[in-house]
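Note sheet for the following structure.
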Amino acid sequence: MGFWQNIASYFRRETATKSNEASSAARTGATPLFVGVGQTAMNIATVFRCVKLLSESVANLPLQYLKRKDGIFSEVDNARLDYLLNVQPDYAVNAFDFWRQVGQELLLDGNAYIVPVYNPASMELDRLALCERGTVIHDTINDRYDVYDLNNGISGRFAEDEIIHIKGLTMRNSKKGVSVLTYARLTTGIAATGDEETRNRFANGGNVRGIVSNDTSVRGFGEYQDKQLEKTAENLDHRFQGGERIVSLPGQVDFKQISLSSTDMQFLESRKFTVIEICRFFSVPPTFVYADTSNNYKTVEQADIDFLSHTLNPLLRNIEIELRRKLIAPALCHKYKFKFDRRELFACDFNGMMKYGTSLLQIGTTVNEVRRMNNLAPVGGGDTVMVSANLRGINEIGVQPQQQPEVPENKNNDNDDKKE
């Protein structure tokens, strides 16, 4: 924002009423993380892995502040802004934890609210405060936000252009984000039930369930009555839970099993299916959650490309555009922008980086430019543009090689005559 726009925004802000509604209401679009009794969505291994993968992939990339010059965006030397974006956005919070938390809020809650706090004296950006869940009420009709966040020390009413609002999937209302868990509620519930069933099966050793009955009608004193059958049922249940596999039944008592086995219920297959379903909701290839071990190298390589192109890149663009819209004045948006350095995604792929650098040299990039990308010092003569023809200098193209002077044919003959 510009200087005068910051001043106007600072004095325009009103203190929000500290009502019970503000302190207790959850943010619009939020989804309760509980999917079962005493179990949250993050207790499901696949959900945990997808959220962790996406949020840490965002946090792993450095964020650049770029300026357009001669049609090319280059990084701006702004020490304060670089410190906020890549070192410490807020008090006692490093940049990796900050952007990882932003990704988690975006995936699990559907909305991430960041309040840019400006220094009242210099009107420079002082901190980026990520509001905690349940502390923001978004009025989409009047386009304002009521914030009551005691932990971050932020309270008041903010206009739409004063809040960095990063939204998840928007459906009917483009001003509100919707959590992935809103639509994956049924699938995550099935996965949570499967986890609970697995725990129960291991806890009681796969204990069976059944009905104890008398196979004949009551005919006299020797037949089991109802109370006697109940005692027999309790005895059988206790013995099954104790680990016994084969038990004897007294008299005319009959036991009929009513619980299905794991094979009958296709238990393991259904659990594998829920993993694939959750991956579909988060747009994460199953390979990334260690769910598919039958893939070959080519399939895994294609999964990497699909993940970067269709899952991670839209998430990064969402954050970049919102930062550009809220931290840069509209009149300057054509000159400045924020961008995650996606080259860091391949920081550990040394073979790929070497191929990438070689390809850049073949299309006119200088050696020093490639070395600068890899944080290497420039070398002498490294600013010469090379081409693909044996990597000759571009200034040498079209220059005819110097011809050597011709040796007279009779020179050798004359020498031979003299020797004779």
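Positions are given from 1 along the sequence.
D70 places no side-chain N or O within 3.5 Å of a backbone atom of I72 that could act as its donor or acceptor partner. At distances below 3.5 Å, not a single donor-acceptor pair connects side-chain atoms of T182 with backbone N or O atoms of V178. Using modelled atom types, no side-chain atom of N152 and backbone atom of I154 make a donor-acceptor pair closer than 3.5 Å. Using modelled atom types, no side-chain atom of W99 and backbone atom of S55 make a donor-acceptor pair closer than 3.5 Å. In this structure, K326 contributes its side chain and E160 its backbone to a donor-acceptor pair below 3.5 Å. Looking at D149, its side chain does come within 3.5 Å of a backbone N or O of E132 through a donor-acceptor pair. Of the possible donor and acceptor atoms, one in the side chain of E162 sits under 3.5 Å from a partner among the backbone N and O of A159. Not a single donor-acceptor pair under 3.5 Å links the side chain of R371 to the backbone N or O of L376. With D341 contributing its side chain and P62 its backbone, the two residues share no donor-acceptor pair below 3.5 Å. Judged by distance alone, with hydrogens and angles left aside, the side-chain atoms of S179 form a donor-acceptor pair with the main-chain N or O of L108 at under 3.5 Å.
Side chains of N94 and Q88 form no contact here, defined as non-hydrogen atoms less than 4.5 Å apart. The shortest distance between side-chain heavy atoms of L327 and P116 falls below 4.5 Å. The closest side-chain heavy-atom distance from V275 to P286 is not below 4.5 Å. For the pair L53 and V284, the minimum side-chain heavy-atom distance is below 4.5 Å. Proximity of V58 to I319: side-chain heavy atoms (C-beta onward) are separated by under 4.5 Å at one or more points. Side-chain contact between D77 and D82 is absent, with no heavy-atom pair separated by less than 4.5 Å. Contact annotation: the side chain of F281 approaches that of V180 to within less than 4.5 Å [non-hydrogen atoms, C-beta and beyond]. Between I44 and I278, some side-chain heavy-atom pair lies under the 4.5 Å cut-off.
The pair R133-E105 meets the salt-bridge criterion, with a side-chain N (NZ, NE, NH1 or NH2) lying under 4.0 Å from an Asp/Glu carboxylate O. With respect to the salt-bridge test (charged N to carboxylate O, under 4.0 angstrom), the residues E320 and R324 do not qualify. A salt bridge links D143 with K175: at least one charged nitrogen is closer than 4.0 Å to a carboxylate oxygen.
Separating the CG atom in L107 from the CG atom in L169 is a distance of 11.5 Å, to the nearest 0.5 Å. Distance CE/M42 to CZ/R49: 11.5 Å, rounded to 0.5 Å. Rounded to the nearest 0.5 angstrom, T140 OG1 and I137 CD1 are separated by 12.5 Å. The CG atom of L84 lies 10.5 Å from the CZ atom of R127; values are rounded to the nearest 0.5 Å. Rounding to the nearest 0.5 Å gives a distance of 11.5 Å between CD of Q101 and CG of L106. With rounding to the nearest 0.5 Å, the separation of OH in Y113 from CD1 in I166 is 11.5 Å.
The aromatic rings of Y145 and H138 lie parallel to each other, with less than 30° between the two planes, well short of the 60° mark.
Residues Y91 and D126 share a closest heavy-atom pair of OH-OD2, 3.7 Å. Listed here is the closest heavy atom pair of L315 and L54: CD2-O, 4.3 Å. What you find for A129 and D90 is that their closest heavy atoms are CA-OD2, 3.5 Å. Between N119 and A121, the shortest heavy-atom contact is OD1-N, 2.9 Å. Contact detail for S309 and P314: the closest heavy-atom pair is O-CD, 3.5 Å. Between V136 and C131, the closest heavy-atom pair is CG2-CB, 3.7 Å.
Taking the six-membered ring for Trp and the full ring otherwise, the centers of Y65 and Y336 sit less than 6.0 Å from each other. Separation of the F288 and F307 ring centroids falls under the 6.0 Å cut-off.
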- request: Tell me, with the steps shown, if F282 and T46 meet side chain to side chain contact (heavy atoms under 4.5 Å, CB included).
  value: CA-CA 10 Å; F282 284 96; T46 309; over 6 Å; no
task: Could you walk me through whether L125 and L81 pass side chain to side chain contact (heavy atoms under 4.5 Å, CB included), step by step?
output: CA-CA 8 Å; L125 188 61; L81 195 56; 4.0 Å; yes
message: Is there a side chain to side chain contact (heavy atoms under 4.5 Å, CB included) between R144 and F158? Walk through the geometry before answering.
response: CA-CA 6 Å; R144 64 189 183 191; F158 296 81; over 6 Å; no
task: Could you give me the CA-CA distance, side-chain angles and deciding distance for L128 and V115, then say whether side chain to side chain contact (heavy atoms under 4.5 Å, CB included) is met?
output: CA-CA 6 Å; L128 296 174; V115 179; over 6 Å; no
message: Apply salt bridge (charged side-chain N to carboxylate O under 4.0 Å, His left out) to residues R372 and E369 and explain how you reach the verdict.
response: CA-CA 5 Å; R372 194 177 299 112; E369 288 175 339; 5.2 Å; no
field: Verdict with reasoning, R157 to D139, per salt bridge (charged side-chain N to carboxylate O under 4.0 Å, His left out)
entry: CA-CA 10 Å; R157 177 165 294 172; D139 184 0; over 6 Å; no
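A cation-pi arrangement is absent between K339 and F73 under the rule of less than 6.0 angstrom and at most 45 degrees off the ring axis.
Looking at R100 and N60, their side chains never bring a donor and an acceptor atom within 3.5 Å of each other.
Each of K167, K176, H165 was compared with N111 under the side chain to side chain donor-acceptor pair (under 3.5 Å) criterion, and only H165 meets it.
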